[in-house]
Peer 1: 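Please see the structure below; I have some questions.
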Amino acid sequence: MLLVDSDHDEGMLVESGITMVKLWRDISEKEQAERLDARRTDPLKTLKVSDLDAVAQKKWKQYSAARDTMLTRTDTPLAPWHCVRADPKKPARLAVIRHLIQRVAPAEIAATVEHPDPKILFAFEPEAIKDGRLAP
């Protein structure tokens, strides 16, 4: 297992002028099951089927625990995580686009775009793991 000192490594990237944006798309177990089922039954989505799909459902609790650990350990002031509640796809995509424009577009363009809905996209904080903002 490779451990990365995210404060140091990400700090070097940010200090060198790179804009770092970390997004975690979060979906519920029910929504994931529905999307995986659609991959198996919709002929237009069958190319998306992988062996990991079955594993993802079986290891939901382990994956969630790993997510919680990763977000907590790698959320830094220089490179914070932002979480996207992605059960509704379209609002999640719009929130991500708005967030990216706010972060990387020139100021005159960013000023013309409304901020993402905070119920959809929010800055990670450890309380989000327990208060229902992230899928259990």
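These figures come from a predicted structure and were not determined experimentally. Residue numbers start at 1 and run along the sequence shown.
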Peer 1: Over all heavy atoms of both residues, which pair between I120 and A95 is shortest? Give the atoms and the distance, please.
Peer 2: CG2-CB, 3.7 Å

Peer 1: Got T74 and K22 here, is their nearest side-chain heavy-atom distance under 4.5 Å?
Peer 2: yes

Peer 1: Under 4.5 Å between side-chain heavy atoms, chaining through other members, with only Ile, Leu, Val, Met, Phe, Trp and Tyr counted: pull out the rest of the cluster around W81, sorted by chain and number.
Peer 2: W24, M70, L71, F122, F124, I129, L134

Peer 1: Is there a continuous path of hydrophobic side-chain contacts, each under 4.5 Å between heavy atoms, that joins L13 to L78?
Peer 2: yes

Peer 1: Using residues 101-111 as the side-chain source, report each donor-acceptor pair under 3.5 Å to any protein atom, sequence neighbours left out, with the distance given to one decimal.
Peer 2:
residue, atom, partner, partner atom, Å
Q102, OE1, H115, ND1, 3.2
Q102, NE2, A110, O, 3.2
Q102, NE2, V113, O, 2.6

Peer 1: Rounded to the nearest 0.5 Å, what separates atom OG1 in T76 from atom CE in M20?
Peer 2: 8.0 Å

Peer 1: Report the distance from atom NZ of K58 to atom CG of D53, rounding to the nearest 0.5 Å.
Peer 2: 11.5 Å

Peer 1: Can you tell me how far the CD1 atom of I18 sits from the CE atom of M12, to the nearest 0.5 Å?
Peer 2: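 So the gap between those two atoms works out to 10.0 Å.
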
Peer 1: Considering non-hydrogen atoms only, spot the tightest contact between A56 and Q32 and give its length.
Peer 2: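 Shortest heavy-atom contact: CB-NE2, 3.6 Å.
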
Peer 1: Tracing side-chain links under 4.5 Å among I, L, V, M, F, W and Y, which residues wind up in one group with I27?
Peer 2: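 Once heavy-atom contacts under 4.5 Å are chained together, I27 still belongs with nothing else.
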
Peer 1: Could you tell me whether R133 and D131 make a salt bridge, using a distance below 4.0 angstrom between a side-chain N and a carboxylate O?
Peer 2: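 The answer is yes: the pair qualifies as a salt bridge.
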
Peer 1: What distance do E31 atom CD and K89 atom NZ have between them, rounded to the nearest 0.5 Å?
Peer 2: 7.5 Å

Peer 1: Looking at every heavy atom in both A92 and A86, which two are closest together, and how far apart are they?
Peer 2: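 What the structure gives for the nearest pair is CB-CA, 3.7 Å.
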
Peer 1: Should the pair R67-D26 be classified as a salt bridge under the 4.0 Å nitrogen-to-oxygen rule?
Peer 2: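 The answer is yes: the pair qualifies as a salt bridge.
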
Peer 1: Taking atom OG of S28 and atom CD of E34, what is their separation to the nearest 0.5 Å?
Peer 2: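 Atom-to-atom, S28:OG and E34:CD are 7.5 Å apart.
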
Peer 1: State yes or no: do L121 and L100 share one hydrophobic cluster built from I, L, V, M, F, W and Y residues joined by side-chain heavy-atom distances below 4.5 Å, directly or via other members?
Peer 2: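 In one cluster with L121: L100, yes.
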
Peer 1: Could you check whether any side-chain heavy atom of H99 comes within less than 4.5 Å of a side-chain heavy atom of H82, counting everything from C-beta outward?
Peer 2: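 SC-SC contact between H99 and H82 confirmed.
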
Peer 1: Looking only at non-hydrogen atoms, find the nearest pair between P136 and W60 and report the distance.
Peer 2: O-NE1, 2.7 Å

Peer 1: Taking L94 as the starting point, is it possible to reach V84 by hopping between hydrophobic residues whose side chains are less than 4.5 Å apart?
Peer 2: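 In one cluster with V84: L94, no.
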
Peer 1: Which heavy atom of A79 sits nearest to which heavy atom of E10, and what is that distance?
Peer 2: CB-OE1, 3.2 Å

Peer 1: Roughly how far apart are E125 CD and T72 OG1, rounded to 0.5 Å?
Peer 2: 11.0 Å

Peer 1: Tell me, do Q57 and E29 make a side-chain contact under 4.5 Å, heavy atoms counted?
Peer 2: yes

Peer 1: Over all heavy atoms of both residues, which pair between L44 and D42 is shortest? Give the atoms and the distance, please.
Peer 2: N-OD1, 2.8 Å

Peer 1: Is it the case that atom CZ in R40 sees more than 12 heavy atoms from other parts of the structure closer than 6.0 Å?
Peer 2: yes

